[in-house]
Amino acid sequence: MVRTARDALVTALENLDKKGLKKFRNKLNDWPIKEGFNKIPRGQLEDTDPDDVANLIKKFYTDTYGIQVALAVLEAIDEKDVAADFRSDLRNVAGFEFEVEPKGTDQEATPKATPPLPEPTREHFVIEHRGALISRMSLVSPLLDTLLQRKLLTDEQYDAVLSKPTNQDKMRELYNHARSWGDTDKDIFYEALKKHNAPLIRDLERS
């Protein structure tokens, strides 16, 4: 199935913890919206899950402008890692482009972060594509076996990752341990990813 901008947004919101999602909803409701759009009513945002929030953003702000608003809000609530993963994931969305703000736009009505954002500094493949690997990696258990064998994971870390209920949760927990890895360890991680899901890695490399 073709991945959409909404899919990437849902993944980003799912990467927020309960407190982070609440902060996102509150800031989204207060965010200044440019002329031609109506704010999402506060009552509709209360107690919504990531899927519902994504639906409201798409309904009120459309895909392109809504994605820019969501990125700006993530930055504003200091969820910079989630925002970076979100940008990376958007590169895998066919046909998605950031909206270019026309000259003369009222800057007070438009958040500073909503114009096209600069490309981040090139990072290691496994960090640059963190969001996509979390959402799309299917063969997680064989990957963990390889990382355990290569001593990137301890027995306790392996058990902790494997105990998570879904592949996405397993990959998120794995990335918690990967934060302390150096470039050599990340190279081993990359080779293990390529070994157990070569089509996905080729797709990400082409993007």
Side-chain angles (χ1 to χ4, degrees), residues 1-16 49-51 54-55 57-58 63-64 66-67 70-71 74 79-98 116-117 119-155 157-207:
M1 184 170 63
V2 176
R3 190 161 178 78
T4 66
R6 182 191 173 282
D7 294 333
L9 175 57
V10 172
T11 297
L13 296 177
E14 288 176 341
N15 283 333
L16 297 171
D49 62 18
D51 194 67
N55 285 339
I57 290 174
K58 181 174 181 179
D63 275 338
T64 303
I67 292 301
L71 275 168
L74 286 170
E79 292 285 354
K80 300 186 186 304
D81 289 343
V82 175
D85 294 341
F86 188 18
R87 290 192 197 94
S88 175
D89 201 4
L90 286 169
R91 296 194 191 100
N92 302 307
V93 176
F96 179 82
E97 294 182 1
F98 286 104
L117 297 167
E119 286 291 323
T121 303
R122 194 76 175 183
E123 296 181 289
H124 194 285
F125 178 90
V126 300
I127 301 302
E128 181 181 358
H129 296 287
R130 178 182 183 275
L133 290 168
I134 287 175
S135 64
R136 299 172 62 186
M137 189 69 185
S138 55
L139 299 176
V140 179
S141 294
L143 170 67
L144 297 178
D145 292 339
T146 298
L147 296 179
L148 178 65
Q149 183 180 20
R150 298 299 300 272
K151 301 189 183 304
L152 263 68
L153 293 174
T154 65
D155 290 336
Q157 291 170 337
Y158 174 89
D159 291 339
V161 177
L162 200 60
S163 69
K164 298 301 179 180
T166 68
N167 284 336
Q168 287 188 348
D169 290 333
K170 289 182 175 69
M171 289 298 291
R172 289 192 190 98
E173 180 67 18
L174 176 58
Y175 266 97
N176 286 337
H177 300 299
R179 291 175 181 174
S180 62
W181 295 350
D183 286 343
T184 300
D185 294 334
K186 290 172 184 173
D187 289 341
I188 296 173
F189 185 21
Y190 165 77
E191 292 299 330
L193 287 165
K194 189 163 62 172
K195 174 182 178 182
H196 295 295
N197 204 330
L200 171 59
I201 301 306
R202 285 197 298 269
D203 183 53
L204 295 177
E205 287 176 334
R206 285 195 298 267
S207 68

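Sequence positions, counted from 1, serve as the residue numbers for this chain.
Under the side chain to side chain donor-acceptor pair (under 3.5 Å) criterion, D159 pairs with no residue, sequence neighbours left out. Evaluation of the side-chain contact (heavy atoms from CB on, under 4.5 Å) rule for K151 yields no partner, not counting sequence neighbours. Listed by chain and residue number, L162 satisfy the side-chain contact (heavy atoms from CB on, under 4.5 Å) test with S141 (two or more places apart in sequence, or in another chain).
Between the side chain of Y158 and the main chain of L147, no donor-acceptor pair closer than 3.5 Å is present. D203 contributes no side-chain N or O that, together with a main-chain N or O of L200, makes up a donor-acceptor pair within less than 3.5 Å.
Between E205 and R202 there is no salt bridge, since none of the side-chain N atoms of the basic residue sits less than 4.0 Å from a carboxylate O of the acidic one.
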Chi angles and distances behind the side chain to side chain contact (heavy atoms under 4.5 Å, CB included) call for L204, R136 = CA-CA 11 Å; L204 295 177; R136 299 172 62 186; 3.8 Å; yes
request  = List the steps and the verdict of side chain to side chain contact (heavy atoms under 4.5 Å, CB included) for L16 and L74.
outcome  = CA-CA 10 Å; L16 297 171; L74 286 170; 4.1 Å; yes
key: Candidate pair I67 and F86, rule side chain to side chain contact (heavy atoms under 4.5 Å, CB included), full reasoning   = CA-CA 9 Å; I67 292 301; F86 188 18; 3.6 Å; yes
ask   = Between L148 and Q157, does a side chain to side chain contact (heavy atoms under 4.5 Å, CB included) hold up when you go through it step by step?
value = CA-CA 9 Å; L148 178 65; Q157 291 170 337; over 6 Å; no
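Two residues are said to be in side-chain contact when any heavy atoms from C-beta on lie closer than 4.5 Å; E191 and T146 fail this criterion. By the 4.5 Å heavy-atom criterion applied to side chains, I201 and P199 are not counted as neighbours. A 4.5 Å side-chain heavy-atom check between V126 and W181 finds every atom pair outside the cut-off. Counting heavy atoms from C-beta on, the side chains of D7 and T4 come closer than 4.5 Å. Between L174 and V140, the closest side-chain pair of non-hydrogen atoms is not below 4.5 Å. Side-chain contact check for N55 versus R6: some heavy-atom pair is nearer than 4.5 Å.
Side-chain contact annotation: D187 with T184, donor-acceptor N/O pair under 3.5 Å absent.
Atom NZ of K186 sits in a crowded spot, with more than 12 heavy atoms from other residues, nucleotides or ligands closer than 6.0 Å. Remark: N167 CG is packed, more than 12 non-hydrogen atoms of other residues, nucleotides or ligands lying under 6.0 Å away.
Between the NE2 atom in H177 and the CZ atom in F189 there is a gap of 11.5 Å [rounded to 0.5 Å]. The distance from atom OG1 of T11 to atom CD1 of I134, rounded to the nearest 0.5 Å, is 9.0 Å.
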